[in-house]
Student: 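First the structure, then my questions, so here it is.
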Amino acid sequence: MVKIIGEALPNIPWEEKPGGCGELLWRYSKNPIIEKNPTASSARIFNSAVIPCGGGYAGVFRSDHKDITMHLHFGKSADGIKWDIDDEEIKWLDEDGKPFQPAYAYDPRLVKIDGEYFIMWCSAFRGQPTIGLGTTKDFKTFTRFENAFLPFNRNGVLFPRKINGNYVLLSRPSDNGHTPFGDIFVSESPDLKYWGKHRLVMSVNRSTAWQSLKIGAGSIPIETSEGWLMIYHGVVLTCNGFVYSVGSALLDIEIPSVVLYRTRPYILTPEEPYETVGFVPNVCFPCATLCDAATGRLAIYYGAADTYTAIAFGYINEIVDFTKANNALVPGDSDVGKN
Ligand code: BMA
């Protein structure tokens with residue numbers, strides 16, 4: 001039996017698997033949970049992060065404004081489904097307490113470590129994409145750390161605790177455009193400022209087309225007795241453009257650069273109209289999960305077609321079992337990754 005190291009979340013958003021559904025994951029019947037034009041300034045809210053907070057939920061949302069610029073907005077919810085999202089973007093302060101706004105900000109992730117919330121996002125560093133990192137204790141004052149990473153990088157995802165004394169962050173170095181390559185790496189830091197011990201975690205898998213072009217970490221890894229459960233996205237370039245699907249992997253608990261298992265098939269791929277039709281068709285892009293350690297229920301929050309926010313449900317023990325039973329490592333995955 002898979003043991004989940006985490007907290008109980010009895011009010012997790014949840015629906016049981018519909019009768020007759022043979023899939024590992026099933027979609028919320030009222031998807032999408034965030035429709036087009038959700039606030040006066042926002043054209044589309046998607047690829048966003050949520051976390052339990054104060055008996056309800058807090059979220060940091062990617063809002064593409066009606067002038068098509070990318071911003072982060074704060075939102076709150078009693079049930080994780082109906083969200084009250086600020087119309088104004090999050091106002092950051094730098095570490096000296098002076099206002100600082102990134103030129104653009106997108107694809108946030110959110111984690112709580114030792115009582116403090118940390119936000120990762122894709123940020124502009126002199127106009128080039130890299131990982132932004134910031135913190136808040138109360139979702140009222142937000143402090144942005146000075147350029148945490150060099151360009152070009154995306155999909156920064158912190159583990160939910162230190163490992164062997166250091167903070168650990170997954171990322172996907174790449175280039176400055178809609179990059180045609182990208183593998184997942186891991187970096188360590190004693191203080192969230194100085195990063196090193198960079199290692200390769202996981203490469204694209206060219207024998208499984210859905211993850212053959214680039215891959216990137218999705219939600220915060222979940223600690224289990226079988227390893228860190230990592231939900232990630234994989235991309236294939238078709239004659240009609242990119243298609244973003246979702247896969248799962250298990251990473252070694254003590255040495256997370258070692259991949260123990262990863263799925264050969266995807267576990268979610270664009271199928272529903274809100275995933276296949278939108279601003280960018282054929283995108284399922286996971287950025288967050290909610291997890292009830294008591295029951296193993298998992299709610300995966302994903303951006304759909306760069307237009308909507310949607311939820312898929314599953315059981316962690318079933319996802320772990322599926323990942324093991326449908327494993328396809330590529331050369332290098334099971335190495336420590338430091339060479
Ligand atoms: C990636 C990121 C995501 C987006 C995806 C599909 O490069 O920019 O934010 O969902 O492309 O457009």
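Counting starts at 1 for both ligands and their atoms, in listed order. Since this is a predicted model, take the numbers as computed values, not measurements.
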Student: Distance under 4.0 Å to a non-hydrogen atom of Asp306: what atoms of ligand 1 satisfy this?
Tutor: 4 (C), 6 (C), 10 (O), 12 (O)
Student: Among all residues two or more places apart in sequence or in another chain, which pass the side chain to side chain donor-acceptor pair (under 3.5 Å) test with Trp14?
Tutor: Glu16
Student: Can you classify the ring geometry of His233 versus Tyr244 as parallel (below 30°), tilted (30 to 60°) or perpendicular (above 60°)?
Tutor: tilted
Student: To the nearest 0.1 Å, how far is atom 7 (O) of ligand 1 from its closest protein heavy atom, and which atom is that?
Tutor: Tyr244 OH, 3.3 Å
Student: Is ligand 1 under 4.0 Å from a heavy atom in the side chain of Thr179, in the backbone, in both, or in neither?
Tutor: neither
Student: Examine Tyr106 against ligand 1 and note whether any of their N/O atoms are separated by less than 3.5 Å.
Tutor: no
Student: What's the shortest distance from atom 2 (C) of ligand 1 to any protein heavy atom, and which residue and atom give it?
Tutor: Asp107 OD2, 3.6 Å
Student: Parallel under 30°, tilted from 30 to 60°, perpendicular over 60°: which one fits the rings of Phe74 and Phe139?
Tutor: parallel
Student: Between OG of Ser334 and CD1 of Ile255, what distance do you get to the nearest 0.5 Å?
Tutor: 12.0 Å
Student: Assess Arg154 for proximity to ligand 1: is some non-hydrogen atom of it under 4.0 Å away?
Tutor: no
Student: List in chain and number order the residues that pass side chain to side chain donor-acceptor pair (under 3.5 Å) with Thr263, two or more places apart in sequence or in another chain; answer none if no residue qualifies.
Tutor: none
